[in-house]
Amino acid sequence: MTMETTAIGSLPHHNIDSALEYAFGYSIPFLPQIPLRNPWEYMIPQALEGLPGLEAEGDGATFLNVSVWVGRCKAFQEKMDAAFSSNHTDAFSSFEPTAATWSSWQPFLWELEERGVKTAKIQIAGPLTSQWSIRTKDGTSPDQHPEIGSQIFRLILARSIAMSRRLLSAKIQPLLYLDEPGLYAFDPTNPRHILTLNELKLLIAALKKEGVLVGLHCCSNTHWESVLGLGLNVLSIDTRLSLTELLKRRDALQGFYKKGGRLSLGVIPSERGPELVKALHAPALFSQLQETFADTPHSNEILRSAIYTPACGLAFHSTEDTELIRTELERLRSLPLTN
Amino acid sequence: MSLSHPERPKRIQELLRRLDQEILVLDGAMGTAIQARDLSAADFGGPEFEGCNENLVLTRPDVITAIHAEYLKAGCDIVETNTFGGTPLVLDEYGLGSKTYEINLKATQLARQEADRFSKNSVQRFVAGAIGPTTKAISVTGGVTFDGLVENFYEQAKGLVDGGADYLLIETAQDTRNVKAALVGIDRLFAETGTSLPIAVSGTIEAMGTMLAGQSIEALMASLTHRDLLYLGLNCATGPEFMTDHIRSLSKSSPFRVACVPNAGLPDENGCYLETPEMVCKVLSRFASEGWVNLLGGCCGTHHGHIHEIKKLAEAAKPRKVEVQKRAYLSGIDYLEITDEMRPVVVGERTNVIGSKKFKTLICEEKFEEASEVGRTQIKGGAQIVDICLANPDRDELEDMRNFLEIATKKIRAPLMIDSTDEKVIALALRYSQGKAIINSINLEDGEERYEKVIPLARQFGAALVVGTIDDDPLQGMGVSRQRKLDIAKRSYELLTKKYGVPEEDIYWDPLVFPCATGDAQYVGSAVETIEGIRLIKKEFPNTKTVLGISNVSFGLPPAGREVLNSVFLYHCVKAGLDLALVNSEKLVRYASIPADELQLAEDLLFTRGADPVAAFAAKFRDKKVEDVSNKPKLPLMERLPRYIIEGSKDGLVPDLDEALKTLRPLEIINGPLMKGMDEVGRLFNTNQLIVAEVLQSAEAMKAAVGHLENFMEKSESSNRGKVLLATVKGDVHDIGKNLVDIILSNNGFQVVNLGIKIPPEQLIQAVKEHEPDIVGLSGLLVKSAQQMVITADDLSKAGISTPMLVGGAALSSNFVDKQISKSYSGTVAYASDAMSGLELAKTIVDPERFEKLKSELATRRSQLKETTAANAGVQIVESTQRSGTISLLDQLPHPPDFERHVLKNTPIEQIWKYINPLMLYGRHLGIKGGVVRQLARSMTEPQLRRELEQTEAKSLGIWDTVEEVKAQYRGTDPMRPVAVYQFFKARSSGNKILIQDQYFEFSRQRKTDGLCLSDYVDPNRDDSIAMFVVSVGHGVRELSEEFKNRGEYLKSHIIQALALESAEAYAEYLHSQIRKSWGYPDAPEMTMLDRFQAKYRGKRYSFGYPACPRLDDQTLLFKLLKASEIGVQLTDGFMMDPEASVSAVAFHHPEATYFSVGQRGDDENRMG
């Protein structure tokens, strides 16, 4: 097995062509998010586009206008219910990303088909992060309307299914990462968090039933036992920040591996500019990784089956940095595993 | 007065002879030649005549003579009279209409005089009497009547003929109705004077690919095949390159000689035409060597230098061989060739007051606009020709036809079938048709009377004829039996082809169709007679065509069955050879979808099989019905609770939860029975016993349960750990991270005051004083936010604040906090790499013992950092500046024509659209598969393929058509107004720099041996050159797209953005090709667009932000050098271009230039330290 590389999603590129060209340079091409082009291309507006009252301002701020949502939530609910009740394969097509918020979606699909790509990575902000980060314009949480949370969950599920079906219909295996940086706020004693985590579990199950390989990206530490029990195919982490913590959960990890789980290792640190250039040295990164895995059984298999990525989205790097990162990840792929 | 020219017949014979043997050369531009002479108002005869070039023949004949002489000296065979605007209509703009004859006569005499002078000791030179398009294109601008134009052209032609022209040249034709009017006017003159000169027509195809009035070159040709033209060609509008496809098409099918008279490219904003004689001839030499042309010349911007070069290439080539092919074609605005593969061609039958009640009502109410929509709807429904009948005995047919066609001809692009028995109506309708229509119909019912009245009209305006199989037999006029149909056709054919000179390919037989189920004995079995009649006629006259009104066959039958019978009848007629079918294209049932039993009944009826096929058929469709179908459990409490979740039911949930709360705590209920229910939901879902919608109902029930139980949960005992003031710093709007910190801190007992985003230091200072927090948390995501934190920390310190501070966000690093922020703040500053570490730090800060420990750790680390920083000061990655040895130094460097800044504001958008990569627009952006995109592109010229795609790729075709609709709607408006600025610069390289003027670009180099850098493509030792440009299309596109979106027109919203983006890319492609040409490396004539898209040309262009030059901020220098903001393109703070549909690039001529990524590194990367 050759080690695979991909990236987390956001890029600093200013246009679709250059972003796509970059994304297709990875062994698993990924759907680029290019927020520099349009603030609606940040992860939350992209995931929640269509939610009544959602506002992404020109400078990138995302809010929910609750009075607009109240006025239109019923119609929106009916639209989602209709899709979820339908047996048609294109029932979710109206939830596909639009060019206004996800300019690279259509071009990405087309390139995948034209290039005959077998597996492609897409990503969407997960329901926890989306629900927990949404704010009204006065900065408060729209908690008084629990239905907003439900709609966010359903919308993300609908959009994930829509995107996945488009890939599957073109005979491309979707690898969908739920982007959940908000998981570091997860509290296993908070009933709402328990509830939301269960929704996440259902979402993952639903996507797996669609034939999707489901990944989850969390670039911080969290309650790893809960995350490892979600039924994921892939768990994506920032290795420098979380690998040691994760490896301490031996039993949960064993269960994850037994069910075919793979790790997606964010080996490229988040530094920028000259500091990143200094940090980028594939052999050093890899030997560090092997050292961390030294006490882990079957570490070579785990490392060989892992997907290698930057630790996080690259939107705040320079395009020059991104070129270096890709090159370094490509070099890392070819490094031999030592016993 | 008529002046005789005894030598003219001989010259005409010579002209014809030489045109068959060589490529003749027409002169160059007159207008730009006059302009170059910088004449004063007095030269024109006074200020009121300034600009009237035609008047110069009277006021400064010497100038005009000199221009003619210049061209003749350069070697042209034909000079054009200076009469481009010589109609009264145009001359009247200067009050010179009354001098029309005088001006045209004099102009021709001047040209004659010079042509004869140069003929004396050389070969014969000729004079073309130039007739321009006037200032009115009747189909487009209106403002003139057809008959008014006839009169104008008549007047002008008189002067040209009398002055001694050898032929009349109707040139720069933008509207075929104007051409037809000119031909009618000239015919009248010839008839009156007994003179006859050859006539040539030269159309102008705009960059959009059609004439101004919409016709393609093929449609123009079809419209004029009824004439014996000296030649048919193209002139003006574009340079030769953009004429390639049109000239090739014309050459392939024209029954006339072919001429090509291009501009010297396109002018820049100062009106300078940019193509040199060499550049023009490079393209024309291909036309000549391919054998596509019989005549070449120059239009706007060409001068004697161009003509000299054109003559040289003409002498070296052979003229096109004219072959007359028997092909049946029609045209409206669009061209339609009737071929076997496309049978049946559908003729829309609903714009007929006899057959359509709706249409009749609209006409009676004089709602001509809405009535014309009926025609357009038929086209959308698949009709390729539209039958128009306005014969309502209660109304004035002539007026109705005039009013209807005035509007309909602007909406209906397809050929028209003029359906009338009144020749005046036909004559009027033909005046409205740009193209070659079909007259429906003529027959021998009254002997040849109708032939005599209608056929001359067909000949005058160019039209095909529907010929009914009816004659003047007193017993049975209408041919019912197959034999009678054939007999009448034979008689008609003889008359039409021999006596009336109608080309057989213009005959469309109507073998008549009768209702087969009305019970009328004479028509029983008539359907099969019609089918067989078609077969016999097609066998007898294979070069003619057939047409039939299909729906008449089912008259009298139940409505549900009519379309079925029509479809089956049509199927058999087409099998027998039917070419055209009048049907309601919107209602046509697909033959293949007709059930077997219905098909059987329909065929029994058509072929009169069985005892009573009419009754059986009627019974089937009278009895057809639509079926309709429609349809739709107490347990112990700990078992009921999970059932609510499993069943997704909330009915009774709250009382049962209240019951459970009597013995269990809320969290026990959640983690107990409710989670049990959720687990079961997961299991059922995974085993396909639940669907997603049902699972969502379960999640809703769970949410309702948790929402209720929350009310009974105790507050956290640790709810007052401390107060945290959170803010995103000034200038930053990104608050996801901060909000997550808010959540996690709130969930862990901290009281959080969230100030929000973009908080300036003074507001923060005020808030600290007001809330007296234990911790201040600052967040920022942008790079600039890091610096803002330093400023904020400094301001807080100066305000006497030293509250412990947590800072975090994507813009920060631990090092930055330690080195920069901590130095600016009087209190403790700690870096929180994420919300969890933020929580841990907050807990530490509010615990005095742990806080002291933290402060000590921070202090130790920061002092160590100082030492390490000093020790590592020399560690750096060194980027090589060594020129790559793989890129050669060129022996010879090209020289661009100038180093001036050029602004282009008049590049036609249509010209740019030709450079759009369809795979990018229709594929990448609009999602059509690559193979289908290619088919769609072909279907534009292959109607049969289009019909197939209508069945197999209707959605894609719909998208394609919508793009065309958007193009048509926004062509020439701000969103589709292209603008460009380009300039060549002297340049030298120095290491990784390219030095330009007193400034430089510094590019990155690949970190490996012989790594590439863009500077390698520029000579380091001599003055080399690079070109830079910015192109833009799409001002206001985002707003327009939003408008579409708000109207629910999502596809158009997407299309307008995609079209603008790809138009900008296409413009970059086009401009780059012009830049190569200017460098002296024009693309090879055989280069395809695909080759261009694959950059198979010399040199490359690079845009900032791409792998070879990824730093977007380098755009600043490019923008400065080109003064790009002057063309309306701005750089945003993020160095992106606004409008978004803009492309900037640096172009290099080096043949070894290639695309590469500076991110590529080798193991040999240079490291120091």
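Computed from a prediction, not measured in an experiment: that's the story for all the values here. Residue numbers start from 1 in every chain, and the chains themselves are labelled A, B, ... in the order their sequence lines are given, proteins ahead of strands.
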Visitor: How far apart are the closest heavy atoms of A:Leu324 and B:Arg1007, and which atoms are they?
Guide: CD2-NH1, 3.4 Å
Visitor: Hey, could you give me the CG/OG distance between A:Leu202 and B:Ser698, rounded to the nearest 0.5 Å?
Guide: 7.5 Å
Visitor: Please report the closest heavy-atom contact between B:Ser1157 and A:Arg326, naming both atoms and the distance.
Guide: OG-NH2, 4.3 Å
Visitor: If you tally heavy-atom pairs under 4.5 Å against chain B, which of A:Lys208, A:Met80, A:Glu111, A:Glu114 wins?
Guide: A:Glu111
Visitor: Closest heavy-atom contact between B:Tyr1106 and A:Glu21?
Guide: CD2-OE1, 3.9 Å
Visitor: Calculate, to the nearest 0.5 Å, the distance between atoms NZ and CG belonging to B:Lys703 and A:Asn198 respectively.
Guide: 11.0 Å
Visitor: Does some side-chain heavy atom of B:His1054 sit less than 4.5 Å from a side-chain heavy atom of A:Thr98?
Guide: no
Visitor: If you count heavy-atom pairs under 4.5 Å with chain B, which of A:His13, A:Glu147, A:Glu199 comes out on top?
Guide: A:Glu199
Visitor: So, A:Glu113 side chain and B:Lys929 main chain: donor-acceptor pair closer than 3.5 Å or not?
Guide: no
Visitor: So what's closer than 4.5 Å to chain A heavy atoms on B:Leu674: side chain, backbone, both or neither?
Guide: neither
Visitor: So which part of B:Met678 gets closer than 4.5 Å to some heavy atom of chain A, the side chain, the backbone, both or neither?
Guide: side chain
Visitor: So which of B:Arg1038, B:Glu700, B:Glu1065 has the largest heavy-atom pair count under 4.5 angstrom toward chain A?
Guide: B:Glu700
Visitor: Could you tell me which non-hydrogen atom of B:Met675 sits nearest to which non-hydrogen atom of A:Ile194, and how far apart they are?
Guide: SD-CG2, 4.1 Å
Visitor: Where do B:Arg1111 and A:Thr319 come nearest, in terms of heavy atoms and distance?
Guide: N-OG1, 4.0 Å
Visitor: Check whether A:Phe153 gets within reach of chain B through its side chain, its backbone, both or neither, counting any heavy atom under 4.5 Å.
Guide: side chain
Visitor: What part of A:Leu20 lies closer than 4.5 angstrom to a heavy atom of chain B: side chain, backbone, both or neither?
Guide: side chain
Visitor: Measuring heavy-atom distances to chain A, does B:Leu919 have an atom under 4.5 Å in its side chain, in its backbone, in both, or in neither?
Guide: both
Visitor: From A:Glu320 CD over to B:Phe1003 CZ, what is the distance, rounded to the nearest 0.5 angstrom?
Guide: 11.5 Å
Visitor: Does any heavy atom of chain B fall under 4.5 Å from the side chain of A:Lys201, the backbone, both, or neither of them?
Guide: side chain
Visitor: Need one label for B:Met1137: side chain, backbone, both or neither, based on atoms under 4.5 Å from any heavy atom in chain A.
Guide: neither
